[in-house]
Colleague: 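I'd like to ask some things about the structure below.
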Amino acid sequence: MSTYIAPVARLAGAVKHYGSLTALDGLDLMLHRGEMLALLGPNGAGKSTAIGLLLGLIRADAGTVELFGADPQQLMARRRIGVMLQAASLPHTLHVGELLRLTASYYPAPRTLHESAELAGIVDLLKRPYGKLSGGQQRRVQFAMALCGRPELLFLDEPTVGMDIEARQKLWATIRQLVAEGCAVVLTTHYLEEAEALADRVCVMARGKIISEGSVDELRARVSLKRVRCMTRLDTQAVSSWPEVVEARQEGERLWMSTDAAEALVRRLLHADAQLSELEVQRAGLAEAFTELTRETEHSVSDQREAA
Amino acid sequence: MNTLVSTLDSSRPMNGMSSRRVWAAYVEEARSECLRYLRNPGFLLPTLLFPSVFYLMFGIFLGHANGPDAPRYLLASYGTFGVMAPGLFGFGVSLALERDTGLLTLKRALPMPAGAYLLGKMIMAMMVAAIVAMLLLSMATFLAHASLSFSQMLSLFGTDLFGVLPFCGLGLLLGTLIKGQGAPGLVNMIYLPMAFLSGLWFPLSMMPALIQQLAPVWPSYHLNQLALSAVGLGQTAVWPHVLVLCAYTVAFVWWAARRLRRYG
């Protein structure tokens, strides 16, 4: 038992209701030192509620919520975390350096102003008023504020929204550096590439529960399918029996297919129906993958009900 | 459970924060809050201009027509009127906006001491109240040549400086009740009628009996009585008004704290 390493954050059987809506339905989540976890899921899946619990913004109706073994509503626990929230409008008239100084003052042993600015790539912005910055620059300032307290656990909510590619790469590199130094990270994002680039572990949430958990590669295997849509006279039933097709269905006037061999399927489709039109090939996005995952669990739930 | 706690990363003495650093957080918070509003003309200009322009018009240009005491009398009332604003707007409207824009959520997630947030806004409001009081006092001295002793000036300054606190409390409460961009308008709908009904624009003696009887309900009425006493025009004892204002402050803050704890 002495070698047992305590998690930096832990949710166990966490339940949260908003009126009749169940936002979290017995969520279990554990995060260890130096671990980079991506929390993904469609809107309304309960991600924000889970983060809100861990930040001490809301209280769970049932279950355990711990940050470094303590209640997140205690200042002592939160002095070890850094936070970057998605929607936070900071005072426009304050300069970047002043915002950093203020945030650093909340922590027992913060980084120097210059160190934080350097890590977030905002050294040239320190004297500028926050309100005069572009959206991407403001995001970087918020990132600097998140890391300025030398946190052991970093919460990043959609950190790279509004950033250009270069800024995003730089931010990713810094996050990797922090993780290498032993900082744990909880990341929520809509960008699959972001989760791919950073996360050791991915949790997909739906309806207040974790429905899929695993490494990035495991998740990617489920989302690497492409979807093909077209107007055709071909019979849905027949197409769905082709080996290239994972699933086929009629969607309005169009035939909808998911496939892991898009090129071969398109070739075969064009060959089989010369009149085929409105052909579209799309990589299944992360949001769609979640829809799939969600639908799967819904099916399995109803299957179990039927079996019972 | 004991093992769990004892194996927590104890390599850093994180659990405590030296009182010097906690104090620094309070100072930084107050400093940022003051800087932020001093640089915001949309807040500062109306707050400073309303009472001083009113005083210039009614207390100085038209003042002497109302008798020798008018500049002093109006100095007290417009001072009261002036210090209500930083409390109601600096505290109330800013809280309502910060609840709406996510800033308060971020601050609650960060390890900011909750007291630093409130104290920061309070100090900001007191600082603006001090500026308003200084402005009006200099106008009274140099433009209106009101006959004020130094101790009267000092006592009015102190009254205005601390008189902002009940309105900070009221602002805090309003900030927990309303949210977002509509807040300035709503606060004005409380601020202006309350000022009028407390006799800050026209002496209560010129008002209908009902308004006169109702006046003691408003905190601004009590502050105005204190301000009048400070400039030597008081008609009643000071302590009852002080007690009423303290009671209002405590009640507002208590109610607001309860709401903040429950609803964020």
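The chains referred to below are lettered A, B, ... by the order of the sequence lines, with proteins before strands, and numbering in each begins at 1.
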Colleague: Check whether B/V27 gets within reach of chain A through its side chain, its backbone, both or neither, counting any heavy atom under 4.5 Å.
Modeller: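 Neither part, no heavy atoms under 4.5 Å.
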Colleague: CD1/A/I175 to CE/A/M36 distance, rounded to the nearest 0.5 angstrom?
Modeller: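 Answer for the CD1-CE pair, A/I175 versus A/M36, is 6.0 Å.
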Colleague: Pick from B/A24, B/P111, B/A114: which one has the most heavy-atom pairs with chain A under 4.5 Å?
Modeller: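 Option with the top pair count is B/P111.
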Colleague: Evaluate B/V83 against B/L223 for side chain to side chain contact (heavy atoms under 4.5 Å, CB included), listing each step before the verdict.
Modeller: CA-CA 10 Å; B/V83 301; B/L223 182 59; 3.8 Å; yes
Colleague: For the interface with chain A, which of B/S94, B/P113, B/A25 has the highest count of heavy-atom pairs at distances below 4.5 Å?
Modeller: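 Most heavy-atom pairs under 4.5 Å with chain A: B/A25.
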Colleague: Apply salt bridge (charged side-chain N to carboxylate O under 4.0 Å, His left out) to A/R59 and list each qualifying residue two or more places apart in sequence or on a separate chain.
Modeller: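 In terms of salt bridge (charged side-chain N to carboxylate O under 4.0 Å, His left out), with neighbours along the sequence ignored, A/R59 is linked to A/D71.
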Colleague: For A/A146, which atoms come within 4.5 Å of any heavy atom of chain B: side chain, backbone, both, or neither?
Modeller: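 No part of A/A146 comes within 4.5 Å of chain B.
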Colleague: Using non-hydrogen atoms only, which part of A/H92 is less than 4.5 Å away from chain B: side chain, backbone, both, or neither?
Modeller: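 Contact with chain B is absent: no heavy atom of A/H92 under 4.5 Å.
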Colleague: Based on non-hydrogen pairs under 4.5 Å, which of A/L54, A/L85, A/L57, A/L55 is most in contact with chain B?
Modeller: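 Ranked by contacts with chain B, first place is A/L57.
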Colleague: Heavy-atom pairs under 4.5 Å with chain B - which of A/S105, A/P129, A/P72 has more of them than the others?
Modeller: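 It is A/S105.
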Colleague: Do the numbers put A/R79 on top of the ring of A/Y107, so that NZ or CZ is under 6.0 Å from the six-membered ring centre and no more than 45° off the axis?
Modeller: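 No, a cation-pi geometry is absent between A/R79 and A/Y107.
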Colleague: Counting heavy-atom pairs under 4.5 Å with chain B, which one of A/V83, A/I81, A/L94 comes out on top?
Modeller: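 Most heavy-atom pairs within the cutoff with chain B belong to A/L94.
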Colleague: Between chain A and each of B/A109, B/G102, B/A116, count heavy-atom pairs under 4.5 Å; write down the option with the most.
Modeller: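 Top option by heavy-atom pairs under 4.5 Å: B/A109.
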Colleague: For A/T112, enumerate each residue passing the side-chain contact (heavy atoms from CB on, under 4.5 Å) test, keeping only those at least two apart in sequence or located in another chain.
Modeller: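 By the side-chain contact (heavy atoms from CB on, under 4.5 Å) rule, A/T112 matches A/H114, A/E115.
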Colleague: Is the NZ or CZ atom of A/K132 both under 6.0 Å from the centre of the six-membered ring of A/Y130 and within 45° of that ring's axis?
Modeller: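 No - A/K132 does not lie over the ring of A/Y130 by the 6.0 Å and 45° rule.
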Colleague: Tell me which of these, A/R78, A/H95, A/M145, has more heavy-atom pairs under 4.5 Å with chain B than the rest.
Modeller: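 Looking at each of A/R78, A/H95, A/M145 in turn, A/R78 comes out on top.
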Colleague: Tell me whether the rings of B/F252 and B/Y248 are parallel (<30°), tilted (30 to 60°) or perpendicular (>60°).
Modeller: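 Geometry flag for B/Y248 against B/F252: parallel rings.
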